[in-house]
Enquirer: 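Quick one: the structure is below, questions incoming.
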Amino acid sequence: MAQLVKWVEEVGHRFKDGMGNLRITKKGVRLEGVSEFLLPLYVKEIHSRKDSPVVFQSDRNITLNARNENGQLTGQMTVGADAVEAQCKRFEVKSHEDERILFMADEEEIVIGADRLRVTGTEGSIFEHSVETPHIRAGPSQDLRLESPTRSLTMEAPKGVHISAVAGEFKASCRKELQLQSTDGEIFLNADNIRLGNLPHGSYSSSTPNAVGPRQTVYELCICPNGKLYLSPAGASSTCQLNSNICLWS
């Protein structure tokens, strides 16, 4: 070490004005302007001037390697023409102010620590496996759409699934059967009006075939043994039995 210091002093004394872009100072070696290294350069720290950035330029790519005391490669970052690749055990992006982890990735998981994750692509997000989150919310004045184009969409929760439309309506439509099932409880419909559209209508002939009576406007709601609902013209007494043949259609 003493010989190295002596050599630096001798070189500095011999080249007081420096060697081109290279200047030797008490704090180390200083390079001015653009410098080119044809062989590897080994340094402990690289600093720029306070008013200038550090620019690394290469015609192909720039690779940063980190090695342990045995010379084994422990981390690598490559900046190429097509991609920026990082190879390490764990990759972290931290906040400048409080060094809070904004992004972390390793072999086990990927953690996003930002307060908000925004996906602006027109195709949305595609997840090949499960997603766990306590809250999914659309942006202001935008609709939230959960869609499975070719398969089913399942929402499960051990303590319940709550769907609420505070200022709008809730619609559920399907091509085949729509099933509401409760294994231990009940299905409770609470509204000022409950409408069941497109129910089959039953009809029966009066005792006087040619008699023309008023138009039927009141019906009786009937139920088949299999749970199917149908309407039967209301009379003085129940008329469900007179139109029970509708239950044979299903």
Side-chain angles (χ1 to χ4, degrees), residues 109-110 112 114-250:
E109 63 179 358
I110 295 177
I112 299 177
D115 295 335
R116 178 179 299 179
L117 174 63
R118 183 182 296 273
V119 180
T120 59
T122 57
E123 297 296 329
S125 300
I126 299 176
F127 300 95
E128 296 182 357
H129 300 285
S130 62
V131 177
E132 297 182 4
T133 176
H135 191 190
I136 299 178
R137 182 179 60 184
S141 302
Q142 296 181 355
D143 296 333
L144 176 63
R145 184 181 183 91
L146 302 178
E147 180 180 0
S148 178
T150 59
R151 294 295 185 267
S152 61
L153 177 63
T154 303
M155 300 175 62
E156 296 180 353
K159 294 186 178 181
V161 177
H162 179 71
I163 301 176
S164 175
V166 179
E169 58 183 7
F170 172 76
K171 291 183 179 180
S173 62
C174 60
R175 181 178 179 182
K176 296 182 179 181
E177 291 82 6
L178 176 62
Q179 298 182 1
L180 299 177
Q181 181 181 0
S182 178
T183 55
D184 297 330
E186 60 181 8
I187 297 177
F188 180 64
L189 301 177
N190 183 13
D192 295 336
N193 296 308
I194 298 177
R195 301 177 59 184
L196 301 176
N198 298 327
L199 290 179
H201 290 68
S203 61
Y204 66 96
S205 300
S206 60
S207 58
T208 306
N210 295 329
V212 178
R215 181 183 177 184
Q216 186 70 40
T217 58
V218 181
Y219 290 88
E220 180 181 0
L221 180 62
C222 307
I223 184 170
C224 299
N226 62 357
K228 180 178 180 179
L229 299 176
Y230 65 95
L231 298 178
S232 180
S237 60
S238 177
T239 60
C240 291
Q241 292 295 332
L242 299 176
N243 301 280
S244 59
N245 57 340
I246 294 180
C247 299
L248 303 177
W249 299 351
S250 60

Enquirer: Around atom CD of E128, are there more than 12 heavy atoms of other residues, nucleotides or ligands at under 6.0 Å?
Expert: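 No, not enclosed.
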Enquirer: What pair of heavy atoms forms the shortest contact from I246 to K228, and how long is it?
Expert: O-NZ, 3.9 Å
Enquirer: Could you tell me whether a side-chain N or O of S148 sits under 3.5 Å from a main-chain N or O of R151, the two making a donor and an acceptor?
Expert: yes
Enquirer: Ignoring hydrogens, what is the shortest heavy-atom contact between S232 and C222? Give both atom names and the distance.
Expert: CB-SG, 3.8 Å
Enquirer: Return yes when atom CG of N245 has more than 12 non-hydrogen atoms of other residues, nucleotides or ligands closer than 6.0 Å, and no otherwise.
Expert: yes
Enquirer: Surrounding CD of E109 (heavy atoms of other residues, nucleotides or ligands, distance under 6.0 Å), is the total greater than 12?
Expert: yes
Enquirer: List the atom pairs, with distances to 0.1 Å, where a side-chain N or O of residues 167-176 and a protein N or O form a donor-acceptor pair under 3.5 Å, not counting sequence neighbours.
Expert:
unit_1	atom_1	unit_2	atom_2	d
E169	OE2	K171	NZ	3.4

Enquirer: What closest approach, in Å, do E186 and S182 show between heavy atoms, and which atom pair accounts for it?
Expert: N-OG, 3.5 Å
Enquirer: Using a 4.5 Å cut-off on heavy atoms from C-beta on, say whether the side chain of L221 contacts that of L199.
Expert: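 A side-chain contact exists here, since the closest heavy-atom pair is under 4.5 Å.
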Enquirer: Return the minimal non-hydrogen interatomic distance between S244 and Y230, and the atom names on each side.
Expert: CA-OH, 3.8 Å
Enquirer: Who are the side-chain contact (heavy atoms from CB on, under 4.5 Å) partners of I223, not counting sequence neighbours?
Expert: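 Result, side-chain contact (heavy atoms from CB on, under 4.5 Å) vs I223: L229.
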Enquirer: Please give me the minimum heavy-atom distance between E156 and V161, naming the atom from each residue.
Expert: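 Where E156 meets V161 most closely, the heavy atoms are C-CG2, 4.3 Å.
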Enquirer: Between atom CG of L189 and atom CG of L180, what is the distance when rounded to the nearest 0.5 Å?
Expert: 7.5 Å
Enquirer: Which pair of non-hydrogen atoms, one from I187 and one from Q181, has the smallest distance, and what is that distance?
Expert: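 The answer is CD1-N, 4.1 Å.
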Enquirer: Can you list the residues that meet the side-chain contact (heavy atoms from CB on, under 4.5 Å) rule with L146, with sequence neighbours excluded?
Expert: L153
